[in-house]
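Remarks on the structure that follows.
Labels below follow one simple rule: chain letters A, B, ... track the order of the sequence lines, proteins then strands, and each chain is numbered from 1. In this text the structure is predicted, and so the values were computed from the model without any measurement.
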Amino acid sequence: MTASQMPVLTLQLEVTLMTDASETDREHYEAVVVGCGPGGAAAASRLADHGIETLVLERGMDAGSKNVSGGLIYAEESAPYTVDDLFEGFREEASERPVTDYYIHNVAGNKVKSYDLTALHQDDTDWCDAVLRRPMDSWLAERVHEKTSETGGGVLTNVRVNGLLRERGRIVGVTCDELDPIEADIVIAADGVNSELAREAGLMDWEDPNEWFQGVKAVVEMEPDVIDDRFDIDEDEGVAHLFSGDLFEDVRGGGFLYTNEDSLSIGTVFHLDSLVEEQAEPHELLDALLTHPLLARWLGDEYDEREYSAKLVPDSKKVAHREPYQDRLVLVGDAAGQMQAQGPIIKGMNHAVTAGALAADAFAVTRGNADPAAAGRRYTQMLENSGTMDKLRPRRYDLARTVGERDRVTDAVERVLDSRVGSLAIGNPIADRVLQRAYNSPFLVSMLPDTRTGYVTLPSIIGEEHGRTLHWESSVEPPTLDERIGDLTYDTDVGNPHIEVRDTSYEASGAAVYACPVSAEDFGGGCYRSEEVKRNGTAATVVSLDTQPCIECGTCAVVADTEWEHPRGGKGVEFREG
Amino acid sequence: MRSIVLTKGVPDFSDGAVSFNEEGHLERGKTPTVMNPNDAFALEAALQTRVRHGGHVSGMSMGPPGYAAVLEEAMEAVYTDDSYLLSDRELAASDTWATAITLSAGIETYQEEIGNVDLLFAGFKTADGETGQTGPQTAWALDWPIVTHVIALDIDPDERLLRAKRLVEGDVDEIETVEAPLPCMVVTDPEFEPTYRKASHRLTHKRLREETQNRAAAHDRHLTTWDHEDLNLDPDYIGLDGSPTIVSSVDPIPKAPSEREATMVDPADSDGMNEVLGELAPYASGANTAEGGD
Ligand SMILES: Cc1cc2nc3c(=O)[nH]c(=O)nc-3n(C[C@H](O)[C@H](O)[C@H](O)COP(=O)(O)OP(=O)(O)OC[C@H]3O[C@@H](n4cnc5c(N)ncnc54)[C@H](O)[C@@H]3O)c2cc1C
Ligand code: SF4
């Protein structure tokens with residue numbers, strides 16, 4: 001028989017449509033942790049320490065590929081847990097440079113007055129390092145995977161949790177885009193700002209721009225020895241510079257510059273409501289900082305931007321949930337609004353670590369309790385008793401705010417400050433010393449109301465009255481938005497946009513055209529565009545959206561009328577620096 | 001669950017790697033050998049079975065000693081536990097039939113020495129031979145059922161049943177679901193997509209990947225080579241001698257007709273003209289259209 005005579009035996013047996021037998025029994029883990037940022041990593045690590053079977057689900061293709069921070073990670077003396085308590089070798093292997101010097105620059109035009117804020121920075125600080133999130137989070141995730149594998153779990157990337165699994169109305173687990181539903185005795189939502197789980201549980205909402213900041217950042221390439229030289233530091237030292245004043249016109253917020261091992265992190269953090277009111281373009285505000293003469297001596301002539309990124313930041317003073325749990329669900333970190341803006345100092349990662357570890361401990365001590373909410377209740381107590389909640393949401397701020405943010409009071413203060421009298425008062429040499437002291441007071445700084453006064457008026461008067469004038473120009477030319485988008489890595493989920501505009505009218509969603517960090521009026525290559533259309537004979541401006549360049553910052557979830565979700569696992573933007 | 005994946009090496013046809021001589025013949029010696037691209041789908045199917053049901057997956061290949069590299073590639077790609085290479089000078093120049101006989105002998109030897117096999121996976125066609133016959137012939141030689149064009153697969157270990165979705169090609173692509181008893185041979189379609197919808201499966205997948213890194217680095221220690229004696233094969237039935245199909249030559253595409261030889265005949269030359277008419281006669285009667293009928 002030759003090959004061509006061979007019968008091809010294709011057994012086509014009974015055609016059936018049987019279901020996968022394993023689909024009927026659901027998977028169960030003792031603990032499911034959603035998100036592998038600092039909050040999720042800390043929670044999972046602590047759960048594993050308690051011998052608890054823990055599954056960590058992370059939507060990024062790698063932990064850290066979705067995350068952005070400034071970022072300085074603090075180890076507070078008063079905190080019950082710090083990142084190096086939980087992860088040995090963290091400072092040697094996962095962080096960049098320690099912060100050894102800390103300054104704030106009050107800017108008025110090209111006049112600048114700098115204060116040394118090291119005292120404020122050192123208050124309650126055991127150590128503080130600059131970090132880049134991609135390397136940091138992926139390092140953490142590896143440690144977490146090692147630990148959780150030993151107790152029957154592990155870390156899975158490329159998995160997006162898309163909802164809460166409920167039984168008779170009660171939360172019993174999670175549902176995912178990529179996996180069948182999973183049951184758990186505890187679900188720790190460490191899914192960051194714009195937590196879909198916190199929203200679904202009704203614990204957080206995405207309505208009021210006043211409750212958020214928007215952070216935008218550029219990572220700039222620089223050789224280590226050039227950094228040492230230009231910032232006058234040793235190789236094991238680092239600096240933090242903060243900027244406020246009229247650099248950003250009237251938009252409330254400020255800028256930062258931190259030194260990494262071989263790059264700089266330069267960014268801005270603004271109140272989202274202020275961005276919307278002033279119709280400011282975030283990338284232009286960042287560029288205003290990058291091109292200010294103050295930065296020229298550090299940036300030199302060659303400006304090489306490695307990455308442009310952005311993310312929303314919750315304001316814990318307003319939104320930290322006082323009871324961040326429901327049934328078996330507990331929220332930690334940004335998901336629970338635990339992001340403290342202590343004046344210019346931003347502390348989110350450290351609190352996420354603390355909260356994650358406390359949530360794990362709370363579950364460990366209440367394990368076996370018949371009441372599904374026992375862990376959540378215990379966690380809430382632990383947040384209170386450890387003093388964490390008071391840092392995040394000081395009751396005295398609630399009081400100060402009612403006075404400080406009332407328009408009439410602000411107006412009056414502003415008028416005095418703007419007047420010759422005010423400038424003279426702040427401008428005298430004694431005031432200069434007092435002001436530096438005041439800035440260095442953690443108490444005063446945490447009380448600063450969120451008005452123009454603290455962010456713009458005061459710093460620019462200080463700059464104007466006490467500042468020295470910079471007589472040089474910057475030669476820095478930041479990339480265009482188009483170039484910035486072009487430099488980013490995306491795995492686009494073609495035909496499956498993760499955001500949809502519900503109301504396309506300019507009134508409802510137009511703010512996204514300028515507030516989206518990768519969109520701009522008159523720029524066709526971004527996410528949001530506005531265009532004139534004729535409807536029933538009358539012209540109207542409508543908003544359209546293309547999610548391809550989206551960097552998943554969350555802004556349009558708050559400032560526009562959208563159906564907003566994260567892309568499915570592994571899809572969307574991939575940050576290499578963060 | 002114990003599976004074997006059959007894989008073979010093919011010349012690397014990718015740009016820059018492949019090398020042809022002046023006549024347009026492939027230069028095997030100068031072209032690197034890589035795993036047959038279609039085998040990747042078979043390997044994925046074997047891995048999916050391993051991840052979901054546990055057990056052992058071995059890679060098997062027949063070919064020159066250099067094919068060890070292909071088996072190593074398979075180990076790196078889909079975490080096979082060990083590799084078996086059927087390699088012998090006597091096996092050289094096997095056609096699909098002799099290959100199938102050898103592979104089935106390899107599997108029988110494996111069953112005697114290592115353990116019973118539940119599933120045999122093969123890819124759809126090789127990139128160089130393109131016959132698509134070796135798989136079916138191997139199953140035939142083993143007397144196993146075979147399911148081809150598989151795009152999705154599920155095993156019921158208790159019932160010892162395999163359930164597969166097949167892409168039935170026709171005018172419209174139809175998908176049919178079939179069942180077959182184990183042991184069984186599975187030929188995957190390039191459309192095969194592994195699915196892992198359980199967290200535990202993905203964790204296993206990740207663990208296997210981690211474990212494999214070290215194993216693949218020391219591939220030699222996990223490689224067994226069998227010659228025709230180990231396989232109990234009579235040299236007369238294998239290799240070139242055992243190959244009923246002979247590919248006499250692979251013709252290059254004919255050159256343009258203008259270069260053909262023409263015979264010039266003078267119409268005045270009656271002998272010559274008779275010859276021409278003799279040649280043409282069969283066409284005139286319609287009896288012969290095969291010869292020379294361009
Ligand atoms: C520009 C900027 C500057 C900042 N500067 C500082 C600073 O200097 N110091 C500081 O301490 N903090 C800073 N922060 C804040 C800090 O980044 C956050 O507070 C911190 O990252 C919160 O940690 P987390 O673990 O709660 O959330 P994240 O770090 O956001 O982690 C959440 C994780 O969950 C994953 N995830 C989300 N949704 C899902 C889902 N549905 N399924 C699966 N996975 C999901 C995400 O991919 C991510 O990995 C800054 C933030 C910004 C934007
Ligand atoms: S489309 Fe929305 S989420 Fe995406 S970058 Fe713009 S504002 Fe941010």
Any sub-3.5 Å donor-acceptor pair from [X]'s side-chain atoms to [Y]'s backbone N or O?
X	Y	result
B:K206	A:V155	yes
A:E27	B:S200	yes
B:R202	A:L156	no

**Complete:** Most contact-rich option vs chain A, by heavy-atom pairs under 4.5 angstrom, among B:C184, B:A100, B:A199, B:A164, is B:A199
Count the heavy atoms of every other residue, nucleotide or ligand shown that sit under 6.0 Å from [atom1] of [X], and state whether that count exceeds 12.
X	atom1	value
B:E193	CD	no
B:E211	CD	yes
A:R170	CZ	no

**Request:** Kindly compute the distance separating CZ (B:R197) from CG (A:L179), expressed to the nearest 0.5 Å.
**Result:** 6.5 Å
**Message:** So, taking the atom named CG in B:L203 and the one named OG1 in A:T148, what distance separates them when rounded to the nearest 0.5 Å?
**Reply:** 8.0 Å
**Request:** Applying side-chain contact (heavy atoms from CB on, under 4.5 Å), run through A:H145 and B:R207 and close with a yes or a no.
**Result:** CA-CA 10 Å; A:H145 184 65; B:R207 180 174 50 74; over 6 Å; no
